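Computed from a predicted structure; not experimentally measured. Chain A is the first sequence line, chain B the second, and so forth, proteins listed ahead of strands; every chain is numbered from 1.
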2 protein chains.
Amino acid sequence: MKSLHYSVDDALERLFEVTGVLTDAMSHVLDASTLTPARAEIIWRIGRQGPMTQRQLSAALRCTPRNVTGLVDALEGMGLVTREPHPTDRRATLVTLTDQGGETARDWGAGYRQLARHLFGDLDAGALASAIAALEHILERLRDPAADRIRTDNVVGREPSGP
Amino acid sequence: MKSLHYSVDDALERLFEVTGVLTDAMSHVLDASTLTPARAEIIWRIGRQGPMTQRQLSAALRCTPRNVTGLVDALEGMGLVTREPHPTDRRATLVTLTDQGGETARDWGAGYRQLARHLFGDLDAGALASAIAALEHILERLRDPAADRIRTDNVVGREPSGP
DNA sequence: TATTGTTATACTCTATAACTATA
DNA sequence: TATAGTTATAGAGTATAACAATA
């Protein structure tokens with residue numbers, strides 16, 4: 001171990017490093033498939049929660065309805081989803097996985113669990129609980145409204161420095 | 001506490017949640033500035049490591065040289081960086097922060113440290129070390145070559161299921 | 001011959017605004 | 001009047017390929 005005294009900056013640096021490596025890992029997976037991240041998230045969400053309207057997808061992905069139209073167009077063209085009529089609201093469409101889309105979602109689920117075992121499987125119950133406690137602490141602090149103030153207080157560039 | 005027995009899936013779910021919230025937080029910061037994520041990363045890296053060639057930026061950002069050209073064009077147009085001749089290699093350009101670009105980088109540094117205190121400042125030395133240990137364990141496992149195999153083993157979509 | 005950066009072209013994700021069909 | 005989804009248009013990030021200048 002390099003040091004017994006860590007600073008909070010050390011912790012944040014590790015945290016950013018983890019998010020970076022994990023993000024890279026995910027895009028690596030996607031490079032091997034024919035899916036882009038946004039399209040993959042739609043398959044993943046429908047796989048877990050069942051058919052959804054585009055409006056629900058728009059909210060889940062925090063993007064515009066227009067954007068969802070394009071993503072679903074592409075997935076439909078790839079044969080991974082279909083647009084089904086909504087049973088009660090004729091304005092809405094239910095985005096539904098095809099057999100191939102369902103297979104994709106299931107395989108990702110298996111990969112997810114395998115990754116979980118790889119990352120955390122060698123920890124004993126105490127170490128696992130401690131890791132989860134650390135992650136939950138970070139989540140709680142990130143969701144603290146005060147975090148918003150910190151983030152936006154330190155932004156330059158809204159106005160050029162000059163007059 | 002909800003449960004005393006966590007699964008590895010619980011841990012991975014928290015980890016993805018943390019990366020998602022942190023990513024959202026960062027794009028929130030950027031929405032308040034006039035910078036996009038890719039452009040911001042260039043400012044951030046040059047602010048920490050000093051002037052760099054576009055080739056170095058291309059490697060650091062893991063994107064193509066062509067992409068760097070466009071990003072530096074935009075930052076130059078915003079007055080945040082300049083292209084300076086390389087002292088010894090006349091093919092290369094050194095991307096350098098302007099005064100305004102330097103100010104942006106410094107303010108981000110301050111925000112970084114403030115966020116670090118917000119996230120981890122209330123932990124005692126033991127809890128901080130434990131959080132860092134958890135993050136380092138995750139990093140180590142993510143970098144294990146075996147992680148790659150897991151990720152790419154579970155990909156569907158490379159070939160359509162049919163013949 | 002290899003490397004640095006550029007021009008040319010194309011695809012994806014994203015957004016705003018205006019529109020149609022339905023509630 | 002409000003909502004679900006689409007068309008139209010535009011900006012940003014990314015990639016490959018071909019090319020110029022330099023090493």
What is the distance, rounded to the nearest whole Å, between atom CG of B:Leu94 and atom P of D:dT22?
16 Å
Any A:Thr53 side-chain N or O less than 4.0 Å from OP1/OP2 of D:dA4
no
Given D:dG13, D:dG5, C:dG5, identify the nucleotide with an atom nearest to the side chain of A:Ala92.
D:dG5
Applying the side chain to side chain contact (heavy atoms under 4.5 Å, CB included) criterion to A:Leu61, which one of A:Val68, A:Asn67, A:Ile42 satisfies it?
A:Ile42
State yes or no: are the ring centers of B:Tyr112 and A:Phe16 separated by less than 6.0 Å?
yes
Spacing of A:Leu57 atom CG relative to D:dT3 atom P, expressed in whole Å
19 Å
Interatomic distance, B:Ile42 CD1 vs D:dA12 P [rounded to whole Å]:
14 Å
Below 4.0 angstrom, N of the basic side chain to O of the carboxylate: do A:Arg62 and B:Asp24 qualify?
yes
Does a side-chain N-to-carboxylate-O contact under 4.0 Å join B:Glu17 and A:Arg143?
yes
In Å, rounded to the nearest 0.5 Å, how long is the span from CG of A:Leu128 to NE2 of B:His5?
10.5 Å
With no hydrogens and no angle check, do the side chains of A:Thr98 and A:Gln100 hold a donor and an acceptor under 3.5 Å apart?
no
Measure from CG on B:Leu30 to P on D:dA12 and round the result to the nearest Å.
14 Å
Within residues 66-84 of chain B, those residues having any heavy atom closer than 4.0 Å to DNA chain D are B:Arg66, B:Asn67, B:Leu71
Looking only at side-chain atoms of B:Ala38, point me to the closest of C:dT6, D:dT14, D:dT6.
D:dT14
note: A:Arg39, atom CZ; C:dC11, atom P; distance rounded to Å ~ 11 Å
Earlier contact from the 5' end, DNA chain D, for A:Gln56 and B:Pro37
A:Gln56
How close or far is atom P of D:dA23 from atom NE2 of B:His86, stated in whole angstroms?
11 Å
B:Leu94 reachable from B:Val72 in the ILVMFWY side-chain graph, under 4.5 Å edges
no
Should the heavy atoms of other residues, nucleotides or ligands under 6.0 Å from CG of A:Asp99 be counted, would the total exceed 12?
no
Specify the separation, in whole Å, of atom CE of B:Met52 and atom P of C:dG5.
11 Å
For nucleotides 18-23 of chain C, give me one character per nucleotide, 5' to 3': B if any protein heavy atom sits under 4.0 Å from the base, S if the only such contacts are to the sugar-phosphate, - if neither.
---BBS
Heavy-atom closest pair (A:Leu22 atom, B:Leu142 atom, distance to 0.1 Å) is CD1-CD2, 3.9 Å
Could you state the atom-to-atom distance from CD of B:Glu41 to P of D:dG13 in whole Å?
12 Å
Kindly say if A:Thr64 contacts the phosphate of C:dT14, meaning a side-chain N or O under 4.0 Å from OP1 or OP2.
no
